[in-house]
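Numbers for residues simply follow the sequence, beginning at 1.
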Amino acid sequence: MRNTAGVITAVSSNATYSFSKPTRESVTLLAGLGVEGDVHAGGTIRHQFRMTYEPDLPNLRQVHLMHEELFDELALKGYAVAAGDLGENITTRHIDLLALPTGTLLHLGSQAVVEVTGLRNPCAKINDFRQGLLGEVFAIDPASGDFTFKSGIMAVVLHGGPVRPHDTIEAELPPGPHRPLERV
């Protein structure tokens, strides 16, 4: 079942390794690879640190999506964060990305489809961007000891196509039982 759940507010890519990614007028998703021209595009792991010890594993982090509502939350705590600043490729609004189950299909615009693979694991470089920010993008539940990761989700591209700001996002949940997102 598909339903319109949100809108894309920005798209970003970078051909070189850097923490932030400049926003673009559009990006093109390539099936099985990721964002055309982005340093993280590829069929195998492209994350700079993980390539050193897991270079042949499948790239489950081809596209990084982040909810713009996080920026609103961070602003209330004194952190100025904008689209692309935290390295995401697609910034969204009005869709609870973190609540989606693993395997959800996201229809982005008129052609592109990505499959949600898991949560982005925030790294210490977030503190290099803004000191103290790492502690704001994840939290530990004092009762259970479980981590809550807020820095977006990762996906692989099933069907390519252009993606632009103002494009809609339609979520198609996988058949149940649903598996909650885990770090990838």
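- Across G43 and L33, no two heavy atoms sit closer than the pair N-CD2, 3.7 Å.
- Other cluster members for L76: none, since no ILVMFWY side-chain heavy atom sits under 4.5 Å from it.
- When atom types are taken as modelled, the side chain of R61 and the backbone of V184 share a donor-acceptor pair closer than 3.5 angstrom.
- A single hydrophobic cluster is seen to contain both L100 and L119, as judged by linkage of ILVMFWY side chains at heavy-atom distances under 4.5 Å, directly or through other members.
- Each of V7, T9, T23, V11 was compared with P165 under the side-chain contact (heavy atoms from CB on, under 4.5 Å) criterion, and only V11 meets it.
- Distance check, rounded to the nearest 0.5 Å: CD1 of I153 to CG of L181 gives 6.5 Å.
- Side-chain contact between V81 and L133: present, with at least one pair of heavy atoms (C-beta onward) separated by less than 4.5 Å.
- The backbone N or O of A124 lies less than 3.5 Å from no partner atom in the side chain of N127, so there is not a single donor-acceptor pair.
- Residues F71 and T91 meet the side-chain proximity criterion, which asks for heavy atoms closer than 4.5 Å.
- Here the side chains of H107 and L105 are in contact, with some heavy-atom distance below 4.5 Å.
- For the pair D96/L98, a side-chain contact is recorded, criterion being any heavy-atom separation below 4.5 Å from C-beta on.
- For the side-chain contact (heavy atoms from CB on, under 4.5 Å) with P101, the qualifying choice from P180, P174, P177 is P174, the only one to do so.
- Partner of N89 under the side-chain contact (heavy atoms from CB on, under 4.5 Å) criterion, chosen from L65, D38, L29: D38.
- To the nearest 0.5 Å, atoms CZ (R183) and CG (N121) are separated by 5.0 Å.
- The hydrophobic clustering, which links ILVMFWY residues whose side-chain heavy atoms are closer than 4.5 Å, places L30 and L158 apart.
- Nearest heavy-atom pair, V163 versus A112, reported as atom, atom and distance to 0.1 Å: CG2-CB, 3.9 Å.
- Taking all atoms of both residues into account, the shortest heavy-atom contact from A83 to A10 is CB-CB, 3.4 Å.
- Looking at heavy atoms from C-beta onward, L106 lies in side-chain contact with I95 at the 4.5 angstrom threshold.
- V156 and N59 make their closest contact through CG1-O, 3.4 Å (heavy atoms, listed as atom of the first residue, atom of the second, distance).
- We find the CD1-OG1 distance between I8 and T168 to be 7.5 Å, quoted to the nearest 0.5 Å.
- Between P162 and Q111, the closest heavy-atom pair is CD-OE1, 3.7 Å.
- For the atom pair M154 CE and T117 OG1, the distance stands at 6.5 Å (nearest 0.5 Å).
- D85 approaches S20 most closely through the heavy-atom pair O-OG, 2.6 Å.
- Here the side chain of Q62 pairs a donor or acceptor atom with the backbone of V157 at under 3.5 angstrom.
- Between the CG atom of L86 and the NZ atom of K150 there is a distance of 12.5 Å, given to the nearest 0.5 Å.
- The shortest distance between side-chain heavy atoms of V114 and I90 does not fall below 4.5 Å.
- Considering only residues two or more places apart in sequence or on other chains, Y79 meets the ring-ring contact (aromatic ring centres under 6.0 Å, His included) condition with none of them.
- Neither side chain, R120 nor S151, offers a donor N or O lying under 3.5 Å from an acceptor on the other.
- With contacts defined as side-chain heavy-atom distances shorter than 4.5 Å, the pair R93/E69 qualifies.
- Environment of CD in E73: crowded, with over 12 heavy atoms of neighbouring residues, nucleotides or ligands closer than 6.0 Å.
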